[in-house]
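Step one of this worksheet: look at the structure below.
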Number of protein chains: 2
Amino acid sequence: MAVTMNDVARAAGVSLKTVSNVLNDYEFIRPATKQRVQDAIVELGYEANLTARSLRSGKTRMLGLVLSDLSAPYYAELASRLMKAASLRGYRVLVEQSDAVAEVELNALQGPFRQLTDGLLFTPLVIDADAIAARLGKKPLVMLGEHILDPRFDLVTMKNEEAAAALTAHLLAAGRRRIAVVGARPEESTGSPGLRLNGYRKALEQAGVPFDPALIAPCEWRRDNGAAAVAGLLDKGVAFDAVFGLNDVLALGALHELLIRGVRVPDEVAVAGFDDIDEARFASPSLTTVSPGMEEIAQRSIALLLDRIEGQETAGQGVHVEAGFQLKVRESAP
Amino acid sequence: MAVTMNDVARAAGVSLKTVSNVLNDYEFIRPATKQRVQDAIVELGYEANLTARSLRSGKTRMLGLVLSDLSAPYYAELASRLMKAASLRGYRVLVEQSDAVAEVELNALQGPFRQLTDGLLFTPLVIDADAIAARLGKKPLVMLGEHILDPRFDLVTMKNEEAAAALTAHLLAAGRRRIAVVGARPEESTGSPGLRLNGYRKALEQAGVPFDPALIAPCEWRRDNGAAAVAGLLDKGVAFDAVFGLNDVLALGALHELLIRGVRVPDEVAVAGFDDIDEARFASPSLTTVSPGMEEIAQRSIALLLDRIEGQETAGQGVHVEAGFQLKVRESAP
DNA sequence: GGCATGGTCTGCAACGATGTATGCCAGGAA
DNA sequence: TTCCTGGCATACATCGTTGCAGACCATGCC
């Protein structure tokens with residue numbers, strides 16, 4: 001079938017191992033020999049068999065990326081950037097969609113998926129730190145997002161609380177006093193919903209504006225839920241002059257519902273989101289939001305994970321990286 | 001390190017091959033033996049080593065998906081669906097982003113990427129059928145999208161021309177006469193841009209409306225280009241009463257630019273797109289578009305590719321599958 | 001001349017699974 | 001009894017690569 005190292009060795013008149021040495025940049029090879037081998041490789045069109053290499057070396061040069069749903073714009077953009085960053089260092093990314101199902105998340109930690117990858121970028125949504133620690137093998141794992149804050153794990157995240165506070169402060173400064181929050185998850189305090197809600201509360205407090213639980217609309221982070229949540233508030237007659245969607249698709253769903261109902265944005269109700277997905281700039285009105293430094297997150301998580309994979313330090317404290325953020329003020333909440 | 005078949009064999013008191021036979025559902029094994037092996041597997045927590053299996057069997061149970069950019073909403077949704085469909089049949093999908101660079105597309109056909117996968121789902125954007133045929137190995141390949149229509153290859157696509165014609169007819173029926181087209185690629189006639197443009201022209205012809213080249217704005221399929229293209233038309237003073245974005249992000253970019261400039265949509269100008277991405281429903285105004293049956297495309301491409309991989313028929317004529325479409329009439333072009 | 005040294009290359013044994021060929025045993029046919 | 005067949009299990013070679021240990025040779029030093 002395919003050309004093997006043996007064929008190359010025969011063609012170059014050297015041993016199989018010498019071919020291997022050339023391919024692996026072994027130091028002590030005479031230039032002439034090296035050249036002969038390389039010529040033979042080109043002539044025969046030899047390509048190393050990655051599977052065999054993986055079996056022997058125990059490395060696959062693939063990274064695993066676990067997220068809930070690749071079709072969510074934020075994850076799609078993140079995955080795209082992660083793949084590019086990994087590619088520059090000679091790695092590929094294999095994506096696993098968990099759909100926020102616990103079993104899938106658990107299997108990603110120890111099943112076949114783990115075997116296929118040298119390290120994991122993990123966005124856990126439903127399982128907790130202990131469950132992860134219990135199943136964690138010795139392969140490196142970097143947490144993405146902020147659902148789990150645990151000193152045992154490496155983590156790359158964004159300034160959720162600060163950014164949410166800054167955004168809320170911006171709304172308050174514009175005179176908004178009743179800011180509805182769409183997409184909260186009241187029972188949690190650590191995940192992104194919790195942290196962002198915290199930021200919101202801190203900003204209110206700082207401004208001396210009372211917190212009103214009636215303004216908090218919990219839901220899953222999907223566009224249609226954002227619309228439904230706002231519809232719910234309107235139907236219940238809850239008064240509000242701004243909507244903070246805990247991510248952009250929620251905010252855009254909310255924005256849509258408001259406009260349908262004839263609510264003027266931003267005159268009557270301001271709308272703001274979080275993530276700064278590509279779409280935010282081109283919404284009508286364009287969406288005020290927080291840019292969480294996605295490129296920085298991508299770069300640094302790849303760098304951190306690869307350092308763990310290629311470096312020697314196996315354990316020690318987890319490193320926590322926080323990317324910077326930028327407030328993007330646009331038409332929906334000037 | 002890890003538990004191997006040998007360990008299981010020892011624990012169960014059978015030979016290594018018997019363990020392999022149990023795992024591969026070999027027919028003639030005494031129930032008692034089978035049970036002992038399975039117990040040992042559970043007790044030791046054995047997991048088959050996929051790399052070794054791949055080396056021996058020559059199969060990886062991975063499919064390659066080549067597309068230009070995973071962060072484009074259409075591709076993100078498609079990739080997500082393809083991965084789910086593949087997963088149901090026990091396959092994983094490895095994504096490669098070509099960025100529409102010829103070299104990357106070519107390498108996907110024969111380099112390491114090909115080696116890692118049992119079959120390819122390929123969306124070629126810049127290389128042509130002959131280049132593909134020249135490098136095609138014996139592993140199955142299914143074309144996605146419609147940039148290449150060639151009897152040599154399997155292809156799963158959508159009814160680009162018909163759907164574009166139907167959409168154009170809808171605009172004409174609503175009384176629009178000067179329909180600008182954003183995202184054309186005038187030099188091509190086969191890719192999606194070409195086919196959709198054809199559909200547009202046929203519908204015009206059928207309605208007896210003259211074709212005006214001034215209304216055709218060529219550009220790459222990105223949101224900002226959609227906006228820029230409309231800006232260009234307005235600045236040049238080209239009169240139009242509708243915009244047909246050859247995909248949704250173009251249409252949404254165009255929509256944004258129109259609204260910014262104070263053009264009323266749909267009163268003065270109607271806007272329509274193509275793809276029916278999630279976002280289209282929630283745009284303001286919501287976007288009239290064509291739903292190309294993405295789920296059907298995903299299902300059928302996976303089915304076709306896996307039939308090729310697992311079936312015996314290697315060659316023969318390429319199969320061409322066309323998914324159905326639906327016109328989604330919404331506010332932007334009622 | 002003997003011996004350590006260092007550069008260059010080689011052979012062998014793995015990595016962990018599967019395919020092929022074969023052995024062995026029991027039971028039925030000859 | 002002998003032969004054959006079918007059910008069940010095994011041994012061995014093999015996939016293509018890399019790690020380890022060592023062979024060989026020339027050089028330089030005592």
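Here is the naming used below: chain letters follow the sequence lines, and residue numbers restart at 1 for every chain.
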Query raised in the report: Is B:D130 salt-bridged to B:R152, going by a charged N under 4.0 Å from an acidic O?
Result: yes
Query raised in the report: Between A:R36 and A:D39, is the closest basic N to carboxylate O distance under 4.0 Å?
Result: no
Atom pair distance, as rounded to whole Å: [atom1] in [X] and [atom2] in [N]:
X      : N      : atom1 : atom2 : answer
A:R10  : D:dG16 : CZ    : P     : 12 Å
A:R53  : C:dG16 : CZ    : C1'   : 19 Å
B:N6   : C:dT18 : CG    : P     : 13 Å
B:Y26  : C:dT22 : OH    : P     : 15 Å
B:L50  : C:dC15 : CG    : C1'   : 14 Å
B:D7   : C:dC15 : CG    : P     : 10 Å
A:Q115 : C:dA17 : CD    : C1'   : 11 Å
B:L16  : D:dT10 : CG    : P     : 10 Å

Query raised in the report: In residues 30-42 of chain B, which ones come under 4.0 Å of DNA chain D, going by heavy atoms?
Result: B:R30, B:T33
[atom1] of [X] to [atom2] of [Y]: how many Å apart, nearest 0.5 Å?
X      : Y      : atom1 : atom2 : answer
B:M83  : B:L78  : CE    : CG    : 11.5 Å
A:I302 : A:D307 : CD1   : CG    : 11.0 Å
B:L120 : B:D154 : CG    : CG    : 12.5 Å
A:N6   : A:Y46  : CG    : OH    : 10.0 Å

**Report entry** Side-chain donor-acceptor contact under 3.5 Å, A:T18 with A:S15
**Finding:** yes
Query raised in the report: Touch check for B:T4, heavy atoms < 4.0 angstrom, all strands: base, sugar-phosphate only, or nothing?
Result: sugar-phosphate
Query raised in the report: Hey, does B:L55 reach any base, or is it just sugar-phosphate, or nothing, if we go heavy atoms under 4.0 Å?
Result: base
Query raised in the report: Which of these nucleotides, C:dT18, C:dG11, D:dG16, is closest to any side-chain atom of A:N49?
Result: D:dG16
Report summary line: Out of D:dT10, D:dG7, D:dG16, minimum distance to the side chain of B:V14 belongs to D:dT10
Using a cut-off of strictly less than 4.0 Å, decide whether [X] has a side-chain nitrogen or oxygen near OP1 or OP2 of [N].
X     : N      : result
B:T18 : D:dA9  : no
A:N24 : D:dT18 : yes
B:S20 : C:dT18 : yes
B:Y46 : C:dA17 : yes
B:S15 : D:dA9  : no
B:R56 : C:dG19 : no

**Report entry** Position toward the 5' end of DNA chain C (nearest nucleotide), A:F28 or A:K17
**Finding:** A:F28
**Report entry** Contact summary for A:A323 and A:I297, nearest pair of heavy atoms
**Finding:** CB-CG1, 3.6 Å
Query - Of B:S57 and B:G13, the one whose closest DNA chain D nucleotide lies more 5' - result: B:G13
